[in-house]
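In what follows, a single structure is set out as structure tokens and then discussed.
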Amino acid sequence: MEIRACLILLFYLVFYGFLAALFTFTMWVMLQTLSSDIPKYRDRISSPGLMISPKPDTALEFYFNKSDAQSYAEYVSTLRKFLESYDDSKQSQNINCTPGRIFDQNDVAVKKACRFNLSELGQCSGKEDKTFGYSKGTPCVLVKMNRIIGLKPEGEPRIHCTSKTAWGALKALEEGMVEINYFPPEGLIDLMYFPYYGKSLHAHYLQPLVAVQLAINSNSTKEEIAIECKILGSPNLKNEDDRDKFLGRIAFKVQMTE
Amino acid sequence: MVKEASEMGSTNSSSKAWHVVYKIIKIWNVMIIEAVPDVHHNTKTLFLLQKKSDVYSVEDLWDKRSRKTDIGDEEEKYKDLKGNKKKKAEDLKKEVELDDHKLSASELEEKYGTSVNKGLSSARAAEILARDGPNSLTPPKATPEIVKFLKQMVGGFSILLWIGAVFSWISFGIQLAQGAESPFDNLYLGVVLALVVILTGIFAYYQEAKSTNIMASFSKMIPQQALVIRDAEKKELPADQLVVGDIVEIKGGDRIPADIRLIFTQGCKVDNSSLTGESEPQSRSCDFTHENPLETRNIAFYSTTCVEGTATGIVINTGDRTVIGRIASLTSGVGNEKTPIAIEIEHFVYLVAGVAISIGVLFFIISVSMRYKILDSIIFLIGIIVANVPEGLLATVTVSLSLTAKRMAKKNCLVKNLEAVETLGSTSIICSDKTGTLTQNRMTVAHLWFDNQIYSADTSEDQTTQPFDQSSPSWTALSKIVTLCNRAEFRPGQENLPIMKRVVVGDASETALLKFAEVILGDVMSIRARNRKVAEIPFNSTNKFQLSIHETDDPNDKRFLLVMKGAPERILERCSTIMINGKEEPLDSEKAEAFQTAYMELGGLGERVLGFCHLYLPEDEFPDTYPFDTDSMNFPTSNLCFVGLLSMIDPPRSTVPDAVSKCRSAGIKVIMVTGDHPITAKAIAKSVGIISATSETVEDIAKRLNIPVEQVNRREATAAVVNGMELKDMSLQQLDEILCNHSEIVFARTSPQQKLIIVEGCQRQGAVVAVTGDGVNDSPALKKADIGIAMGIAGSDAAKNAADMVLLDDNFASIVTGVEEGRLIFDNLKKTIAYTLTKNIAELCPFLIYIIASIPMPIGTITILFIDLGTDIIPSVALAYEKAESDIMNRRPRNKRKDRLVNEQLAVYSYLQIGIMQSVGAFITYFTVYAEQGFLPSTLLGVRVDWENNAINDFEDSYGQQWTKYQRMYLQWTGYTAFFVSITIQQVADLIIRKTRRNSIFQQGLFRNKVIWVGIFSQIGIALILTYGLGHVTALNFTPLRFQYWFVAVPFAILIWVYDEVRKLFIRRYPGSWWDKNMYY
């Protein structure tokens, strides 16, 4: 009886050992066929999504009290952390590129990253206002475009945001509830930051940012304001996909109290 | 637990039902045999059966039963049996008290308040009708259709799937309340699961509905109209309006409308075959001839037929209180025994459900303890259940069985109950009728004796000539007697039919002789016309001879020829000479001795022997104008010239000996159960091989050793011929002993009801018993048997209804064909199930690894359903067409306790070996798809929470690219599709390896079963359509897949095939080894 059980155990040990070895070997062979620089196929991400920073835990909704530092401390620290890599000291290796032109480096073995000056973010750079405007009721939100290897935007891509109250169609802007400022001006994304060459080749790459500053009217506090930002001005960047709500656009809500 | 308990209950009550049946059986026990060599046979009936004219008589049991104690006992048994106990019990009592046959007509008039001349008044009749109810058999309390339907909805795997559906809806509700992004996925999943259950339920219900109509024929047997005297007028009334006390008139051809005490008869004969299985018409008179109501001649029974004559009688029992009504209600009270395949499938369902539930619960606990949300854990649970349950399998099994049933129908086995297809395959004992099943069901001349020599005649079904030596002048004389001394005639208008197929008016022996003469001499009718008959004494049981006087066809010979046939000893008594080689020689003791020897020899063969003699009447004494008077017998009837003997038998069908030997090598015991004389039965049993040439009965041994029967060691005898009378007195233990100790058994002189005892005996040995039957009274035995086989030609409707299978040609050989098909389908179902179970692991592993390693979901629940109910269905049905691997008729019947349909080896091999290999292959494809899109395997581990987070839309892959949620989802669906395609590709390999369990694929032939290829192409075709045709329908979660991903799993498919070939090779090489024991399923 024991011998039988042992035999069966041994059999399965050998059997599964063999299968595990086979699995490992096949995976190894498969991985050998892959390049470490760029993925074999990029057809599943032909157009980039938009994302914001800070990203609240609760599904893209900002709730804070401008007089209570604790209520926005997390947003501020997230922004600070996010912008760390954009600090001048970190960008020492980055070069100044020609604005307005695609920065093609196909022939170069070592890909250079373009410098993104924090000063471009103006009031939202966190240099003048350490709270990124949260304490003044003008909170900053950074909008960024997802990195996609080889993506070359056409035209003049820029971020544009609209807002409405949670109640519906009434445009908050027209009501004067919120005023939206963009840094760099008009929310322009410079083409010199494209294309991206991937993590391993383009190690110091910094994706361009657009800061959106929401100057919330003091009358409109306690109102939930919905903001939708889209990428405009570029024919090859989609922003109206039915299924993908984040393809070239992003919606978030802000509610500020005093 | 509850279900088990109720099952136990039902077996108890049915065993009590059998007690009641026993009592009925005993009533019909055979007692007296009237040795009539030639029997009147009514050829008008459909039954061309020639059974011995056994006269049934009854022991005192009937009277015993009427004792009060027994009634109480009976009542109690009945109470357990039926729902409407009280009413039934009272009915029984009434029947027991039946003494109407003892009463005189006037006493009866008084008892029933009626008048023989005037009948009942309409008002009184209406009153009684209101009291007793209509004169019809109550159909059994049928389960309402809706209940049957609901049963299908919750049987098998349905419960599991319902649980899955309900969980889906619950999680949909919760997600909806929480306002999650896409809660509708779960709603759809729940709906799909519910649809799967409902559709398979409808399918199963439809299949079941087709095969349940047992009472239909009983109600069909009710006569439509009856001629009744009421209000002193004769009226035609619907038979169901009859009440006790009605006076009814019956004439030849009518069905008896109720149990009737006869008060006036004229040449009335009834055919009780629907009641007793005895097709000899029995005469009926007004006289009280027997204590027992079943034996007395003055009672005619409901549903039997009046063959000839007329009669008038008083209705004494109606509807369910009639004798046939009781049998009918017993039959329907007998629950169908669960078929072996039903038990096997139940076992399999429990096994799979057990695996599903335990893995489901285990991983529910694991996922909860891994801090997954309860809601997520529930969704995992649904996935695990769906992956584990082979949704399409039960439908596949049904389809496979019905395909086999169709195939069997082509071979003359009509299967009514689908599951019976397989039951036949596991049969270990066949209790077969003799007449018609083993034999041709027609008397045929088998031997002749003349000139001191025995000649054999051809008894095959399609004889056109007779090969024996016909040159002797004695034969000429004999043939003349055979031709002339015969009242049978062919029905006109059959000249083009082969002689053997023509319909004859006349009894069985005369028919045999007529056909025999027609085959040898040609046109018998014109010979008779040329030899004009001038006088005739028909056969009667006092004379035991038949005589006729003819003119001869020789114009120069003016003598009359007197021809006579009859019981050989009676004929010989009347002879003084014997014809040898055409010459009359004196009948001395030496020649008489030769006659005796021949007579005994032929009789010993179980054949019915007739003697023939003739006499040319001298012309001077009997001139042309001589007035022959058959009453005064003014002609010689002694000192005749003995010419010869002819012996007849109902010969075995030519295909039967072969079929019996096939059964023998297939390990199936064939038991003959017949009403015939033991000698005849034994002779036929020997000639077809039921008793093999070398084996002996106890009596044979006693004879050989010349010792008394009691001294013979019973164990030495392999064969046994058991007389019905012995059987009646046997205890169950004695019967068991006989069934156990003898391999070759013949039950002779059994009443058809004793079959039940025999069937039960066999079942006590743990055998799967097949029983053949044709009469109404066989229905309980047919029902009790594991597989009841009714005769298509000779069988009554009731028998056909009670049976699971109908033999269209009444031929025993067809049963053997059925057995072969049954065994094949069992093997093939094993293959189908093994095929279907395998991919369950490949469907289950993704969930387990998803939970444990937190990788993106490799395959979706809906996708799994597309495999189970889409690509896999046709291939698994195709396995039903697989040919047998070896001669399946050379192995023993399956042991229903040990050889399970789904055994441990099958489950282990499918789940733990091939299934795991499939999973590995599918995972390789999955990882390849993700890696080539930018997610290397290392990145995938542990990403589940972020991956599925709707708020994270910049999910970074291994190359620094960022993905939105929807982009990830689309990739995930591509993963589903790739996983699906891999499983499909590997299932092709699985399908091919499942063609055989032992032989190499090359031995079996890759292309012999074309349907397998249909299966393979359909599988791939469906996968292509789903992937490329429906790849844009979001709800289905399929995406168009890069073509190369179809081939990633191919090496694993080949590996599966090679591995299985190696497995089979070792099994063939080392039978009985560790490998064989563990790897052969």
Side-chain angles (χ1 to χ4, degrees), chain A residues 3-4 7-8 11-12 15-16 19-20 22-23 26-27 30-31 33-53 55-61 144-151 196-203 205 207 241 243-248 250, chain B residues 179-182 908 912-913 916-921 923-925 927-938 949-974 1034 1039-1040 1042 1044 1048-1049 1051-1052 1055 1059 1074-1075 1077-1079:
Chain A
I3 290 177
R4 252 199 87 192
L7 262 176
I8 289 174
F11 171 81
Y12 279 101
F15 184 80
Y16 289 140
L19 279 186
L22 188 70
F23 178 78
T26 319
M27 290 289 275
M30 187 267 290
L31 291 176
T33 65
L34 299 179
S35 143
S36 58
D37 301 336
I38 52 166
K40 195 163 178 180
Y41 301 115
R42 285 169 318 218
D43 56 330
R44 289 287 170 261
I45 38 172
S46 50
S47 189
L50 283 194
M51 206 47 205
I52 52 169
S53 181
K55 188 188 78 64
D57 286 341
T58 52
L60 301 180
E61 286 165 5
K144 62 194 175 77
M145 204 166 79
N146 278 353
R147 289 193 296 261
I148 289 175
I149 293 175
L151 177 76
Y196 172 55
Y197 286 100
K199 199 155 83 178
S200 63
L201 291 180
H202 221 160
Y205 177 81
Q207 63 203 108
D241 195 272
R243 292 183 189 143
D244 195 345
K245 296 280 187 296
F246 292 89
L247 198 65
I250 185 166
Chain B
E181 280 277 305
S182 53
V908 165
L912 296 186
Q913 297 184 27
I916 296 288
M917 285 164 107
Q918 278 194 355
S919 312
V920 170
F923 266 107
I924 293 280
T925 319
F927 280 123
T928 307
V929 167
Y930 276 82
E932 294 192 339
Q933 290 289 350
F935 291 94
L936 298 180
S938 50
N949 189 336
N950 285 321
I952 296 181
N953 282 288
D954 53 353
F955 190 93
E956 204 175 308
D957 67 16
S958 313
Y959 294 89
Q961 307 188 92
Q962 291 169 315
W963 297 63
T964 65
K965 172 73 196 302
Y966 184 80
Q967 285 166 339
R968 295 198 301 273
M969 275 313 292
Y970 196 82
L971 178 59
Q972 188 174 326
W973 294 338
T974 312
T1034 328
T1039 66
R1042 280 205 162 72
Q1044 71 260 32
V1048 177
F1052 285 85
L1055 177 71
Y1059 176 68
W1074 175 86
W1075 185 273
K1077 276 183 206 137
N1078 284 285
M1079 305 296 263

(request) Measure across A:Tyr16 and B:Leu912 and return the closest heavy-atom pair with its distance rounded to 0.1 Å. (result) OH-O, 2.7 Å

(message) Looking only at heavy atoms and a cut-off of under 4.5 Å, which of A:Thr26, A:Ile250, A:Leu50, A:Leu247 has the most pairs with chain B?
(response) A:Thr26

(request) Name the region of B:Met969, side chain, backbone, both or neither, that has any atom closer than 4.5 Å to a heavy atom of chain A. (result) neither

(message) Counting heavy-atom pairs closer than 4.5 Å to chain B, which one of A:Ile148, A:Thr33, A:Leu7, A:Leu201 comes out on top?
(response) A:Leu7

(message) I'd like to check the salt bridge (charged side-chain N to carboxylate O under 4.0 Å, His left out) partners of B:Arg968; sequence neighbours left out, ordered by chain and number.
(response) none

(message) Is the shortest side-chain heavy-atom distance between B:Leu1055 and A:Leu22 below 4.5 Å?
(response) yes

(message) Using every non-hydrogen atom in the two residues, find where A:Phe246 and B:Asn950 come nearest and quote the distance to one decimal.
(response) CE1-O, 4.1 Å

(message) Test your reading of the model: is there a side-chain donor-acceptor pair from A:Asn146 to the backbone of B:Asn953, 3.5 Å cut-off?
(response) yes

(message) Looking only at side-chain N and O atoms, does A:Asp43 offer a donor or acceptor that is under 3.5 Å from a partner on B:Gln933?
(response) yes

(message) With heavy-atom distances below 4.5 Å as the criterion, would you say the side chains of A:Met30 and B:Ile924 are in contact?
(response) no

(message) With chain A as the partner, which of B:Gly960, B:Gly934, B:Pro1051 has the greatest number of non-hydrogen pairs under 4.5 Å?
(response) B:Gly960

(message) Taking side chain as everything from C-beta outward and backbone as N, CA, C, O, which of these in B:Trp1074 sits under 4.5 Å from a heavy atom of chain A? Side chain, backbone, both or neither.
(response) side chain

(message) To check you understand the geometry: which heavy-atom pair defines the closest contact between B:Glu956 and A:Arg147, and what is its length?
(response) OE1-NH2, 2.8 Å

(message) Is any side-chain heavy atom of A:Gln207 closer than 4.5 Å to one of B:Gln962?
(response) yes

(message) Taking side chain as everything from C-beta outward and backbone as N, CA, C, O, which of these in A:Ser47 sits under 4.5 Å from a heavy atom of chain B? Side chain, backbone, both or neither.
(response) backbone

(request) Could you tell me which non-hydrogen atom of A:Lys199 sits nearest to which non-hydrogen atom of B:Asp957, and how far apart they are? (result) NZ-O, 4.2 Å

(request) Under 4.5 Å heavy-atom distance to chain A, tell me which part of B:Asp954 shows up: side chain, backbone, both or neither. (result) both

(message) Any non-hydrogen side-chain atom of B:Tyr970 less than 4.5 Å from a side-chain atom of A:Arg243?
(response) no

(message) Just so I know, are the side chains of B:Leu936 and A:Leu31 near enough to count as touching, which here means a heavy-atom distance under 4.5 Å?
(response) yes

(request) May I ask you to test the B:Asn1078-A:Arg4 pair for a side-chain heavy-atom distance under 4.5 Å? (result) yes

(message) For the CZ atom of B:Phe955 and the CE atom of A:Met51, what is their distance to the nearest 0.5 Å?
(response) 12.5 Å

(message) Is the shortest side-chain heavy-atom distance between A:Met27 and B:Phe927 below 4.5 Å?
(response) yes

(request) Only counting residues at least two apart or in another chain, list the ones meeting salt bridge (charged side-chain N to carboxylate O under 4.0 Å, His left out) with A:Lys40. (result) B:Glu932

(message) Looking at every heavy atom in both B:Ala931 and A:Leu34, which two are closest together, and how far apart are they?
(response) CB-CD1, 3.5 Å

(message) Please determine whether side-chain hydrogen bond (donor to acceptor under 3.5 Å, both in side chains) holds for the pair A:Tyr196 and B:Gln961, giving the CA-CA distance in whole Å, both sets of side-chain angles, and the decisive distance to 0.1 Å.
(response) CA-CA 9 Å; A:Tyr196 172 55; B:Gln961 307 188 92; over 6 Å; no

(message) Does any backbone or side-chain atom of B:Phe935 lie under 4.5 Å from a heavy atom of chain A? Answer side chain, backbone, both or neither.
(response) neither

(message) Cation-pi check for A:Tyr41 against B:Arg1042: NZ or CZ below 6.0 Å from the six-membered ring centre and within 45 degrees of the axis, yes or no?
(response) yes

(message) Less than 4.5 Å apart, side chain to side chain, heavy atoms only: is that true for B:Ile952 and A:Lys55?
(response) yes

(message) In terms of relative ring orientation, are A:Phe15 and B:Tyr1059 parallel, tilted or perpendicular, with 30° and 60° separating the classes?
(response) tilted

(message) Is B:Pro937 close to chain A through its backbone or its side chain, or both, or neither, when contacts mean heavy atoms under 4.5 Å?
(response) side chain

(message) Ring centres under 6.0 Å, that's the criterion: do A:Tyr197 and B:Tyr959 meet it?
(response) no

(message) Please classify the contact of B:Ser958 with chain A as side chain, backbone, both or neither, using a heavy-atom distance under 4.5 Å.
(response) backbone

(request) Below 4.5 Å from any heavy atom of chain A, which atoms of B:Phe1052 appear? Answer side chain, backbone, both or neither. (result) side chain

